[in-house]
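What follows is a short report on a single structure.
Atoms within each ligand, like the ligands themselves, are counted from 1 in listed order.
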Amino acid sequence: MAMSEKIKEIYKKKVISVDDAVKMVKSDTDVVCALAAAEPKLFMRKLYSVKDKVKDVSVLTCLPMEAYDFYTKEDALGHFYHEGWFYTGPMRNASQSINSFVTNHLHMAGTDRLSYRKPHIFAGTATPPDKNGYMSLSLSATYEVDMLENADIVILEVNEKFPRTFGDTIIHISQVHHIIEADYDVPEIPIPPVSAEDKTIAGFIAPMIENGSTVQLGIGGIPNAIGANLTTLKDIGIHTEMLTEGMVDLFEAGVLNGKRKTLLPGKMVCTFALGNKKLYDFIDNNPGVVINRGKWVNDPYVIAQNYKQISINTALEIDLSGQVCSESIGSVQFSGTGGQADTAIGAQRSIGGKSFIALYSTASVKDAKGVRKPISKIVPMLKEGGRVTLHRANVEYVVTEHGIVRLKGLSVRERAKKLITIAHPDFRDMLTEEAKKLKFI
Ligand code: COA
């Protein structure tokens with residue numbers, strides 16, 4: 001839909017170069033960037049160039065997809081601080097003096113930050129305006145609209161290649177101060193292959209999902225694989241934090257239609273989309289997909305309005321009392337809390353809802369000599385400094401390739417005994433011994 005002459009004129013006046021955009025960054029202020037595939041790459045790549053002109057700039061991101069110089073170069077320290085709502089590989093590999101985790105439940109991320117301070121600059125991505133001047137923030141409304149509404153300066157990279165999506169992503173050009181024209185491809189992530197363990201885990205969960213349920217699938221290999229194994233179900237709906245290509249496959253297989261959803265029936269609801277070209281083509285101009293603000297989509301009270309809401313997430317480790325760590329390896333931040341607690345609690349509050357933590361029983365981890373060895377992901381105690389992502393009182397089903405157990409209402413003794421039954425057989429004796437030492441059993 002081409003811009004009208006009037007909108008074209010307004011648009012042209014707002015176009016600036018990326019060099020001019022980064023010159024607006026001021027010392028002692030916050031810059032907030034859009035999330036994951038919606039991140040403003042040109043702006044973020046150029047930020048480092050103003051390093052010597054600024055100090056104490058906080059750049060707040062979520063799921064950054066590239067190793068940008070402003071947080072990977074050691075000499076950026078003091079000029080920039082990178083605050084992250086969710087770590088990714090490039091952030092994990094960068095200096096941790098520059099990087100710092102912002103604790104959050106995803107549905108509160110924007111609100112909590114805004115209660116602390118407002119951004120000087122919000123930088124994101126968008127589709128070109130339509131004839132009436134409406135633009136789409138495309139791939140995410142998680143916190144982007146809230147930040148855009150509160151920032152002194154709004155800068156958007158306008159890119160025709162980005163899908164035009166509906167929901168809270170729609171904003172008006174009058175809300176935008178500056179536009180950087182961009183033409184890079186939409187960032188994609190690889191689809192993890194489905195392993196034999198994934199299929200076994202999916203085999204435990206699939207029979208527990210009834211036709212007509214609404215499903216949330218979390219981040220990581222296992223939730224993806226489970227999605228791929230739900231093909232025998234009917235009338236499934238989607239209310240999820242992250243929309244993935246696996247959900248498009250289910251739509252194409254006739255599994256998804258959302259017709260029995262009790263909240264926004266017929267619509268696939270999410271707060272951001274991340275995947276491959278197939279996903280991006282599917283959501284482009286698709287009124288069946290609604291991308292709404294994270295503070296609404298991920299609010300457990302909203303999630304619970306879906307009848308039979310199913311939440312499936314994964315974890316790095318779980319202790320014998322049921323505490324789930326999904327975001328750190330010991331004290332080292334690995335990813336983020338994201339919407340794990342939001343979605344688990346929401347599903348448990350939904351009539352007929354269920355929540356699952358699905359994890360492999362072991363992980364292959366390098367020892368001090370660099371040799372990979374299997375370790376149990378079901379552990380007597382979380383590693384020292386391990387962060388609790390999902391409180392043990394909020395854990396319902398736990399699934400590994402060795403079985404499925406339900407922890408709700410159980411004592412620590414009962415929990416420990418049940419969790420040991422789904423641990424890898426090689427570790428069950430060790431876990432039993434440790435549980436005795438801890439006086440759990
Ligand atoms: N101890 C040490 N290392 C471990 C481990 C443990 N207990 N468990 C896993 N690892 C290692 C793996 O070996 C792997 O290392 P490698 O890359 O060297 O092979 C790495 O950690 C990642 O493990 P993997 O199982 O492949 O992770 P994933 O990509 O499937 O992601 C989570 C899993 C838990 C990190 C991810 O789901 C997450 O961040 N969750 C929190 C947020 C969330 O659930 N959001 C849901 C709402 S959308």
Side-chain angles (χ1 to χ4, degrees), residues 35-36 62-63 84-89 91-93 101 103-107 109 140 142 189-195 197-198 201 215-227 238-244 246-247 270-275 294 297-298 300 303 310-319 323-347 355-367 370 372-390 394-395 400-401 423-424 427:
L35 157 165
C62 189
L63 274 160
W85 273 310
F86 202 100
Y87 277 38
T88 47
M91 242 182 130
R92 293 195 282 272
N93 297 335
F101 182 65
T103 60
N104 69 99
H105 289 299
L106 198 88
H107 82 283
S140 180
T142 310
I189 53 166
I191 306 173
V194 177
S195 67
E197 287 88 353
D198 292 331
I201 292 173
V215 171
Q216 171 266 335
L217 294 172
I219 295 176
I222 296 183
N224 253 317
I226 290 165
I238 291 291
H239 186 109
T240 193
E241 173 185 311
M242 176 169 100
L243 194 75
T244 61
M247 296 171 192
C270 67
T271 188
F272 73 94
L274 180 60
V297 174
N298 261 31
I303 295 171
I310 303 294
S311 158
I312 303 171
N313 291 309
T314 183
L316 293 168
E317 60 183 6
I318 176 166
D319 77 12
Q323 302 194 95
V324 173
C325 166
S326 312
E327 63 189 86
S328 76
I329 296 181
S331 62
V332 179
Q333 194 68 37
F334 184 85
S335 54
T337 316
Q340 184 159 119
D342 295 343
T343 52
I345 294 168
S355 83
F356 299 87
I357 290 293
L359 73 172
Y360 303 133
S361 64
T362 59
S364 161
V365 173
K366 281 186 190 157
D367 67 12
R372 279 197 176 263
K373 293 221 169 93
I375 57 161
S376 181
K377 293 177 67 130
I378 297 180
V379 288
M381 287 194 281
L382 299 181
K383 286 190 215 344
E384 192 180 356
R387 315 298 183 204
V388 175
T389 306
L390 190 61
N394 297 129
V395 179
T400 71
E401 69 277 23
H424 191 282
F427 294 100

Legend entry - Q340-S326 side chain donor-acceptor pair, cut-off 3.5 Å: yes

Legend entry - By side chain to side chain donor-acceptor pair (under 3.5 Å) - contacts of N104 (at least two apart): none

Legend entry - Residues that E401 engages under salt bridge (charged side-chain N to carboxylate O under 4.0 Å, His left out), provided they are two or more places apart: none

Legend entry - ligand 1: protein residues within heavy-atom distance under 4.0 Å: F86, Q216, G218, I219, G220, G221, E241, N313, T314, A315, L316, E317, S326, I329, F334, S335, G336, T337, G339, Q340, A363, S364, V365, R372, I375, K377, K383

Inset, instruction - Using the test salt bridge (charged side-chain N to carboxylate O under 4.0 Å, His left out), find all partners of K377 that sit at least two apart in sequence or belong to another chain. - result: none

Legend entry - Verdict with supporting geometry, F101 and R387, side chain to side chain contact (heavy atoms under 4.5 Å, CB included): CA-CA 12 Å; F101 182 65; R387 315 298 183 204; over 6 Å; no

Legend entry - Side-chain donor/acceptor of E241 to backbone N/O of G339, under 3.5 Å: yes

